[in-house]
Amino acid sequence: MDFLMVFLRLADWAVYQLLANSCYRAAMKVKNHGFFLLRNHPPQKSPHHQFPLFPSFTSCCFKKDQQQTIVCDIQNTILLNSKSFFPYFMLVAFEGGSILRALILLLSYPLLFVLDHELGLRLMIFITFCGLKLKDMENAGRAVLPKFYLENLNLQVHEFFVSARRFESRVMIFTRVPRVMVEGFCKEYLSVDDVRGTELHSVGKYFSGFVSSSGVLVKHKAVKELFQNEKKPDIGIGSSGLHDQLFISQCKEAYVVTKEDGKRSARTIMPRGKYPKPLVFHDGRLAFFPTPLATLCMFLWFPLGILLAIVRLCAGIYLPYHIARIIGGSTGVNIKIEGCDYSWEKKNKRNGVLFVCTHRTLLDPVFLTMTIGKPLTAVTYSLSKMSEMISPIKTVRLTRDRKIDGETMHKLLSEGDLVVCPEGTTCREPYLLRFSSLFAELTDEIVPVAMNTHVTMFYGTTASGLKCLDPIFFLMNPRPTYHVQVLGKLAKELTCGAGGKSSHEVANYIQKKLAGALGFECTNLTRRDKYLMLAGNQGIVEDHNSKIHTLAPTWWLTAATVVDLGWQPPPHGGGSGVFFTTPAKGHYCSLIPSQHTSTNTTKRPQPSFTVANGGIKAFSVTATLASCHGGLLAFSSQPFTHTYPR
């Protein structure tokens, strides 16, 4: 039925749009620009284009004595320059679908000028969602779209919503775009109460590409249907367009986001520091906002980018380091080097030096090797077979068993210099994840290295995609930048051996030092947090030829009575977070925060436990703990009896 409608409208365009409407538009352009230009008169505008029908939303005042209901649209209101939602459909098509689906969507863009708004929206929905898995759309809505929504969030409108929340107002979103594309962001980041949008038809676990039987949502009709037996919404906010004028006219008070308020400027762009929630993790390959023109440039660059990536990759694998750097620079790879001090290089001949790096891409150890000009060995937790094969340096897999990994790294240090990334996974944004403390126990010869990258087209990391293509995508960028800053060797008094510091203290100190060098913020988030959020797994690449030692299970416990516990770190520095010893010998409990903090906690919260038969039966947390850390307690060790797993 939708196909028939499209063909009928195309026929209508051939007869009417092309002839009558196009001629009319051409005549109006001549009238408004050419004719009056010859007479030195300004173009005439209709009266309703001079003044909006409703006042600006900045003049809205909230009533303190009653709860108000606010309705608005995300398009042209909450998001800047969002008259066309094409870039967001392109993100779903490329990241949730495939590059072929994205190409078809781009080729269909000229038809959007021919079709009216509803048919154009149906066409984008069909190309983007036909055959797309529901799970892929869910992942894109959770891990890809929020970054671009936040970057285009209207600061003034967001501050308006924050003010409304202070007066306990109820906020509802009505939009013509598919609900699944905006609901997650609106509820998680903007804390709206309800989202009404176009519903999509699905068959099993796949989208059919058609809208549901209710059709494309008409905003003013949806408001009428929802509030038919109740009072009208108190406040409506929309753009100056005709559909939005009808939409907000259903409210007691109506306000508009003017064209000036909807443009990107210093007063409307949302700075990172004012994001509703910190954007620490996000996924997807595209590093740019895929407008039609930008997407066209990307597809034109793609074949050349693949060829360029192969040349850069072969140079790094087969040529000496100094020649590889010259070829990389001549092909656009920009390597910025700071603080390379080799005065410590020959001081310790018995064992190698341990380089502790921030982790931005899989190529961190490679670029560090090119920087210092000598071969290094890199240890990794999970690396694809392809990445191992094309790596120009030696890589060794860790098993996630603390004792075995410690022995492996100690042996490698006795053979030469070693590179380790204690974050355990990459992070794109200016944050550092929590550092594993194992490296601090191995040697006192520690050199922190601050590494950062900048790309303009493709990200060289992924959580849910093919990790074997990470180096290829990074090297496909026209001008990728790597910033390598080798800091001074860690002073002896700050190490575990000569200085007597705990491994956690050393790890936290180095994390802060590297964050300060890069201008980043420290967090308590881990590899597991990242992959559970972005991909719904723990981020382990399975190797069927070797045994993988997984982390000990975490047991969540129920509240009970108080038992006073002494505070002390766990043995061997195992586990994570803040630890408390329990009356059951050998059992330790860790604090797992729900929000990122600057480092492992500096306060000593007071947990409460009930112990039965030598094991923890339950626990309770004081209000002070919950308010200070916003976290939960979880028993993290080998399985034991008399507990209640989550």
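Between Lys147 and Glu429, no side-chain nitrogen of the basic residue sits less than 4.0 Å from a carboxylate oxygen of the acidic one, so the salt-bridge criterion is not met. Glu388 has no carboxylate O lying under 4.0 Å from a charged side-chain N of Lys394, or vice versa, which leaves the two without a salt bridge. Here Arg272 does not pair with Glu521 in a salt bridge; the nearest charged N to carboxylate O distance is not below 4.0 Å.
Using modelled atom types, no side-chain atom of Asn139 and backbone atom of Ser464 make a donor-acceptor pair closer than 3.5 Å. Side-chain atoms of Gln156 never come within 3.5 Å of backbone atoms of Thr268 as a donor-acceptor pair (strictly under, hydrogens ignored). Ser391 places no side-chain N or O within donor-acceptor distance of the main-chain N or O of Ser387, the cut-off being under 3.5 Å. Counting only distance, with no hydrogens or angles, the side chain of Arg434 and the backbone of Gln511 share no donor-acceptor pair below 3.5 Å. Side chain of Asn508 to backbone of Glu505: no donor-acceptor contact under 3.5 angstrom is found. Between the side chain of Thr77 and the backbone N or O of Ile74 there is no donor-acceptor pair closer than 3.5 Å. Checking side-chain atoms of Asp417 against main-chain N and O of Val353 turns up a donor-acceptor pair under 3.5 Å. Side chain of Lys492 to backbone of Gly499: no donor-acceptor contact under 3.5 angstrom is found.
Under a cut-off of 6.0 angstrom, the local environment of NZ in Lys83 is sparse, with at most 12 non-hydrogen atoms contributed by other residues, nucleotides or ligands.
Between Leu150 and Pro276 the shortest side-chain heavy-atom distance falls below 4.5 Å. The shortest side-chain heavy-atom distance between Tyr431 and Leu525 does not fall under the 4.5 Å cut-off. Within the 4.5 Å cutoff, the side chain of Thr295 has no heavy atoms near those of the Phe94 side chain. Side-chain atoms of Cys522 and Lys512, non-hydrogen and from C-beta on, do get closer than 4.5 Å to each other. For the pair Tyr149/Val182, a side-chain contact is recorded, criterion being any heavy-atom separation below 4.5 Å from C-beta on. Inter-residue side-chain proximity for Met90 and Phe289 is flagged as unmet; no heavy-atom pair is nearer than 4.5 Å. Contact of the Leu279 side chain with the Tyr189 side chain is registered, since non-hydrogen atoms from C-beta on lie closer than 4.5 Å. Contact annotation: the side chain of Leu153 approaches that of Ile78 to within less than 4.5 Å [non-hydrogen atoms, C-beta and beyond].
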Going through the checks in order, is the side-chain hydrogen bond (donor to acceptor under 3.5 Å, both in side chains) test met by Thr361 and Tyr482? CA-CA 10 Å; Thr361 74; Tyr482 236 102; 2.6 Å; yes
Should Val157 and Leu79 be marked as a side-chain contact (heavy atoms from CB on, under 4.5 Å) after you check the CA-CA gap, both sets of side-chain angles, and the distance that decides it? CA-CA 9 Å; Val157 177; Leu79 299 179; over 6 Å; no
Please test Phe302 against Met298 for side-chain contact (heavy atoms from CB on, under 4.5 Å), starting from the C-alpha separation and ending with a verdict. CA-CA 6 Å; Phe302 207 86; Met298 184 268 291; 4.0 Å; yes
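With sequence neighbours excluded, the residues satisfying salt bridge (charged side-chain N to carboxylate O under 4.0 Å, His left out) with Asp283 are Arg428. Partners of Ser98 under the side chain to side chain donor-acceptor pair (under 3.5 Å) rule, at least two apart in sequence or in another chain, do not exist in this structure.
Atoms CZ and CG, from Phe89 and Leu112 in turn, are 10.0 Å apart once rounded to the nearest 0.5 Å. Phe281 contributes atom CZ, which lies 10.0 Å from atom OH of Tyr531 (distance to the nearest 0.5 angstrom). Interatomic distance, NZ of Lys277 versus CZ of Phe185, reported as 10.5 Å (0.5 Å rounding). From Phe367, atom CZ reaches atom OH of Tyr321 across 13.0 Å, with rounding to the nearest 0.5 Å. The distance from atom CG of Leu433 to atom CD of Glu423, rounded to the nearest 0.5 Å, is 4.5 Å. Rounded to the nearest 0.5 Å, atoms OG1 (Thr453) and CZ (Arg360) are 6.0 Å apart.
Note on residues 308-336: no pairs pass salt bridge (Lys or Arg N to Asp or Glu O under 4.0 Å), not counting sequence neighbours. Judged as a side chain to side chain donor-acceptor pair (under 3.5 Å), the pairs with a partner in residues 470-479 (not counting sequence neighbours) are, in order, Arg285-Asp470. Every pair passing side chain to side chain donor-acceptor pair (under 3.5 Å) that includes a residue from residues 404-416 is listed here, sequence neighbours excluded: Thr399-Asp405.
No option in Thr380, Asp364, Thr426, Thr425 other than Asp364 meets the side-chain hydrogen bond (donor to acceptor under 3.5 Å, both in side chains) test with His359. Checking each of Val484, Thr371, Thr358, Val419 against Val449 for a side-chain contact (heavy atoms from CB on, under 4.5 Å) leaves exactly one that passes, namely Val484.
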Let me have the donor-acceptor pairs involving side chains of residues 102-111, under 3.5 Å, with sequence neighbours excluded, atom names and distances please.
from: Ser108; atom 1: OG; to: Leu105; atom 2: O; distance (Å): 2.7

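Taking the six-membered ring where the residue is Trp, the centroids of Phe148 and Phe288 are separated by 6.0 Å or more.
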